[in-house]
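Whatever order the structure lists them in is the order used to number ligands and atoms, beginning at 1. Values in this document were obtained by computation on a predicted structure and should not be read as measured data.
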Amino acid sequence: MLSTNKNEKGCLMSVPVKNNISWVGKVDWELRKFHGEEYSTHKGSTYNSYLVREEKSALIETVWAPFAKEFVRNLQKEIDLNKIDYIIANHGEVDHSGALPELMRLIPDTPIYCTANCVKSLKGQYHQDWNFKIVKNGDRLSLGAKELIFIEAPMLHWPDSMFCYLTGDNILFSTDAFGQHYATEKLFNDLVDQPELFQECIKYYANILTPFNLFVDRKIKEFVSLNLPLDMICTSHGVIWRDNPLQIVNKYLEWSADYQENQITVIYDSMWDATRKMAEAIAQGIAEEDPNVMVKVYNAARSDKNDIITEVFRSKAILVGSSTVNKGILSSIAGILEEIRGLGFKNKTAAAFGAYGWSGESVKMITERLKEGGFTIANDGLKLLWNPDEDGLSACRAFGSEFSKGTGGVKPAA
Ligand code: FEO
């Protein structure tokens with residue numbers, strides 16, 4: 001009977017998942033930035049690794065490099081490393097493969113099962129010619145009475161990504177898909193704070209998976225068509241979905257369909273408060289026009305950019321404003337517009353606004369960037385000279401109201 005084990009520091013070392021499967025990953029409570037400085041992780045993360053001990057033993061994924069020694073030390077307390085028959089690398093990104101060099105130093109001949117693209121990624125990062133076994137969609141690996149079925153999942157979210165499914169236990173090991181950056185001692189979806197969990201799930205989807213909506217939709221439908229029973233989804237970050245695992249699959253289907261709620265988000269930055277006053281008056285105009293629409297306002301220079309992106313993801317429309325500086329836009333707005341462009345949102349409307357004192361290019365420039373980002377542009381935007389007076393604020397409210405009317409027809413994608 002497998003049991004939960006902690007190391008000498010009281011950190012989780014292994015947790016029983018089901019039958020002969022243990023979680024042997026790392027809970028990273030301290031993580032606050034991921035992908036360098038690109039992604040905020042307010043709730044930390046976990047790097048999930050799983051040990052399957054049937055007649056043959058398989059280790060699925062490892063952990064991020066800073067925890068490599070701790071991971072291998074803990075793993076040695078669970079199993080004689082020489083008894084690991086197979087290593088499965090579902091994805092080569094360093095947060096899951098980072099402990100491979102430390103592990104392979106001790107068991108250099110153990111075969112690593114992964115996609116051809118994953119071999120490229122692992123060789124490119126670690127410059128080692130390990131015993132790679134390339135697998136393709138539908139290939140199977142026998143562990144005795146049970147088998148692992150490999151399911152290539154390119155662009156969920158890297159070209160090398162792969163899932164694997166364990167027969168008998170009916171578990172999908174889904175690498176990053178269905179995951180979230182959420183440190184927890186509990187590890188199972190039914191044991192954690194539900195609003196926190198789903199906030200981290202939608203943030204993860206919005207910021208990482210949005211560009212791959214079509215791949216998400218196709219892969220889920222392909223998996224469903226296999227008619228495999230599904231008892232659990234073991235992701236590589238955050239919780240294990242054991243209670244109604246289809247709930248997160250259904251969320252992904254909803255999110256991948258160019259998701260939107262009845263929300264308008266106003267994003268701005270302001271040198272001397274004029275553009276801030278415009279943003280606030282525009283938000284008032286939206287709310288007065290449609291009491292049912294959710295209006296949210298963010299200063300891009302003072303708000304977390306990944307949280308803003310999550311709100312853009314939820315929105316049917318956005319307004320972006322900046323003062324004009326050096327014939328251009330403020331750097332926080334330039335930054336968030338680049339994020340927005342890269343994610344390729346669809347089925348959303350947008351417009352620009354901004355105050356200026358001399359040349360006043362910001363509104364035109366923001367409008368161009370929003371167009372490049374795939375937004376439907378509602379109008380030419382609103383620019384005001386100097387600080388808005390009562391008439392100016394009134395014009396902002398009217399602008400918000402008209403914008404809100406114009407987005408009333410935007411409906412969630414079928
Ligand atoms: Fe969690 Fe794509 O690595």
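- No salt bridge links Lys33 with Glu38; every basic N to acidic carboxylate O contact stays at or beyond 4.0 Å.
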Chi angles and distances behind the side chain to side chain contact (heavy atoms under 4.5 Å, CB included) call for Lys305, Glu339: CA-CA 9 Å; Lys305 69 182 166 71; Glu339 290 271 332; 3.1 Å; yes
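- Atom OE1 is the N/O/S atom of Glu93 found closest to atom 2 (Fe) of ligand 1.
- Using cut-offs of 30° and 60° for the angle between ring planes, the Trp255 and Phe313 rings count as perpendicular.
- When only modelled atom types and interatomic distance are considered, His91 and Asp176 share a side-chain donor-acceptor pair under 3.5 Å.
- Geometry at atom 1 (Fe) of ligand 1: OD1/Asp176 and OD2/Asp95 form an angle of 160°, nearest 10 degrees.
- At a threshold of 2.8 Å, atom 2 (Fe) of ligand 1 has no backbone or side-chain N, O or S atom of His96 nearer than that distance.
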